[in-house]
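Note that the coordinates shown come from a computational prediction; the quantities given were computed from them, not determined experimentally.
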Amino acid sequence: MKIAIVGTGAMGSVYAGLLGRAGHEVWAIDRWKDHIDAIADTGLTVTGASGDYVVDNLHVAHAPEAAGPCDLWVIATKAADVESAAAAVAPMLEADSVVMAFQNGLGAGDRLAKHIPEDHIVLGIAEGFGSSIPEPGHVHHEGMRMIRVGELRGGMTDRVRRIEQAWRDAGFNVTAFDDVNLMIWEKFLCNVTLSAPCAAFDVTVGELMADPGAWKVALGCTTEAHRLGLAKGIAFTFDDPLRYVSDFASTIPDASPSMRLDHLARRPAEIDAINGQVVELSRELGFEAPYNETLCAILRHRESQF
């Protein structure tokens with residue numbers, strides 16, 4: 001399969017590494033010149049939960065058009081860059097091309113659909129990887145909990161099953177779901193719990209859980225997001241959201257969510273797509289979301305100083 005990973009930051013590099021190691025023709029596409037140049041020169045070094053190895057068969061480019069038509073386009077950019085990536089990919093779509101969005105938070109599919117016909121779109125959700133880039137050309141990940149895939153508008157299809165099998169053969173723990181909205185919301189609860197709190201308190205996941213006061217704030221964010229999901233008719237697969245997010249967080253104690261990593265690098269994070277969504281959607285339904293609203297205000301103020 002010819003696969004293009006558009007956005008080879010921490011998670012995109014994990015996808016590129018494992019899929020390339022499995023023998024697919026993988027294109028690593030990113031505007032980060034130092035990272036792409038390092039991959040071209042010495043291969044992509046992968047360390048962590050999937051083992052320590054170097055993948056030296058990746059193709060690299062700074063823009064999607066260099067790859068040409070692909071069987072699968074994986075959009076692994078930040079939420080703010082999804083639309084520009086989709087616009088660049090759209091002219092190269094063929095009849096059977098699939099475009100899969102991998103973003104934190106809510107709304108990735110809708111942003112993609114502004115430029116990509118809906119019948120080409122599949123959504124992916126990654127859980128429990130705790131990935132980071134220690135240096136250009138090197139990606140590390142703390143875990144490999146799950147990849148979930150599903151059609152944008154739901155239902156089970158042969159192409160989703162094929163993607164599931166290809167990623168499983170590459171070493172991912174992957175499951176295809178027929179209810180894409182549910183899988184997004186269950187991941188969203190974990191994002192909301194860990195993203196803004198770890199960034200605001202400047203801690204790893206394990207450090208957040210070990211601080212009773214900080215963890216109380218994080219679980220307050222969870223409660224507000226869970227209430228919102230229930231109000232929107234989400235049929236969560238668990239009864240206790242606090243246990244669900246706690247169990248998830250306990251699997252990646254050394255991880256730092258991307259929101260914290262962005263702030264450590266003094267660059268804007270995906271606040272609007274994650275904790276900010278809890279605030280915005282709660283207001284629309286007449287709810288208060290003080291935990292998420294306070295953390296968003298703190299982080300936005302910090303970003304104004306970058």
Side-chain angles (χ1 to χ4, degrees), residues 1 3-7 11-12 14-16 18-19 22 24 70-79 82-83 85-86 89-90 93-129 131 143-192 225-226 228-230 232-238 241 244-245 248 270 273-274 277 281:
M1 187 182 296
I3 304 171
I5 313 295
V6 183
M11 280 307 301
V14 173
Y15 307 148
L18 271 73
L19 290 165
H24 296 283
C70 294
D71 302 308
L72 176 63
W73 293 90
V74 176
I75 309 297
T77 64
K78 296 291 188 181
V82 169
E83 288 194 45
V89 166
L93 292 181
E94 297 185 327
D96 295 331
S97 298
V98 177
V99 183
M100 183 159 62
F102 265 104
Q103 276 73 43
N104 292 323
L106 303 178
D110 292 334
R111 288 188 289 272
L112 203 61
K114 292 181 180 179
H115 302 277
I116 303 292
E118 289 190 1
D119 59 355
H120 286 274
I121 298 176
V122 167
L123 298 181
I125 305 295
E127 292 184 2
F129 279 73
S131 58
M144 289 187 69
R145 184 172 178 179
M146 180 176 283
I147 296 285
R148 305 185 187 191
V149 296
E151 294 284 351
L152 175 64
R153 299 307 176 200
M156 189 58 63
T157 62
D158 289 341
R159 70 177 182 182
V160 166
R161 289 296 191 193
R162 287 194 297 270
I163 292 170
E164 176 190 44
Q165 189 62 55
W167 287 60
R168 180 176 293 120
D169 291 344
F172 293 96
N173 176 24
V174 56
T175 302
F177 286 80
D178 60 6
D179 187 346
V180 68
N181 204 35
L182 172 61
M183 72 181 188
I184 289 171
W185 271 91
E186 292 194 348
K187 170 65 183 298
F188 183 59
L189 255 61
C190 296
N191 287 149
V192 167
H226 182 252
L228 180 63
L230 292 177
K232 286 186 163 293
I234 304 301
F236 292 106
T237 59
F238 45 81
Y244 175 77
V245 298
F248 169 79
E270 296 176 302
I274 304 177
Q277 282 290 296
L281 297 176

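Across all non-hydrogen atoms, the minimal contact from G7 to A76 is O-CB, 3.3 Å. Smallest separation of non-hydrogen atoms from I121 and G109: CD1-O, 4.3 Å. When all heavy atoms are compared, the tightest approach of N191 to G105 is OD1-N, 3.5 Å. Across all non-hydrogen atoms, the minimal contact from L93 to P117 is CD1-CD, 4.1 Å. Here the closest heavy-atom approach between residue G150 and residue V122 is recorded as O-CG1, 3.3 Å. Nearest heavy-atom pair, T77 versus V82, reported as atom, atom and distance to 0.1 Å: OG1-N, 3.6 Å.
Looking at residues two or more places apart in sequence or on another chain, you find a side-chain contact (heavy atoms from CB on, under 4.5 Å) between A108 and A101, Q103, R111. Partners of F188 under the ring pair (Phe, Tyr, Trp, His ring centres under 6.0 Å) rule, at least two apart in sequence or in another chain, are W185. Taking the side-chain contact (heavy atoms from CB on, under 4.5 Å) definition, one finds that R153 meets it with D110, E118, sequence neighbours left out. When the side-chain hydrogen bond (donor to acceptor under 3.5 Å, both in side chains) test is applied to K232, no partner is found at least two apart in sequence or on another chain. For F172, the ring pair (Phe, Tyr, Trp, His ring centres under 6.0 Å) test picks out W167, with sequence neighbours left out. In this view, A86 and L112, H115, I116 satisfy the side-chain contact (heavy atoms from CB on, under 4.5 Å) rule, not counting sequence neighbours. In this view, K187 satisfies the salt bridge (Lys or Arg N to Asp or Glu O under 4.0 Å) rule with no residue, not counting sequence neighbours. Considering only residues two or more places apart in sequence or on other chains, T175 meets the side-chain hydrogen bond (donor to acceptor under 3.5 Å, both in side chains) condition with none of them. For D179, the side-chain contact (heavy atoms from CB on, under 4.5 Å) partners two or more places apart in sequence, or in a different chain, are N181, L182. Considering only residues two or more places apart in sequence or on other chains, R145 meets the salt bridge (Lys or Arg N to Asp or Glu O under 4.0 Å) condition with none of them.
To the nearest 0.5 Å, the span separating CD1 on I125 from CD1 on I184 amounts to 5.0 Å. Distance check: L123 CG to M183 CE gives 5.5 Å after rounding to the nearest 0.5 Å. Rounding to the nearest 0.5 Å places CH2 of W73 at 10.5 Å from CD1 of I5. Taking CG of N173 as the start and CZ of R148 as the end, the distance is 10.0 Å to the nearest 0.5 Å. Expressed to the nearest 0.5 Å, how far CZ of F102 lies from CE of M11 amounts to 7.0 Å.
Residue pairs meeting the salt bridge (charged side-chain N to carboxylate O under 4.0 Å, His left out) criterion with at least one member in residues 162-173, sequence neighbours excluded, are R161-E164, E164-R168.
Tested against D71 for a side-chain contact (heavy atoms from CB on, under 4.5 Å), the candidates M1, H24, E94 yield a single pass: M1.
No side-chain heavy atom of F248 sits less than 4.5 Å from a side-chain heavy atom of E186. Looking only at side-chain heavy atoms (C-beta outward), F236 and L189 come within less than 4.5 Å of each other. Annotation: side chain of L18 is in contact with side chain of M144 (closest heavy-atom distance under 4.5 Å).
Side-chain atoms of E151 never come within 3.5 Å of backbone atoms of T157 as a donor-acceptor pair (strictly under, hydrogens ignored). The main-chain N or O of S97 is found under 3.5 Å from a side-chain atom of H120 such that the two form a donor-acceptor pair.
Atom CG of D119 has more than 12 neighbouring heavy atoms from other residues, nucleotides or ligands inside a 6.0 Å radius.
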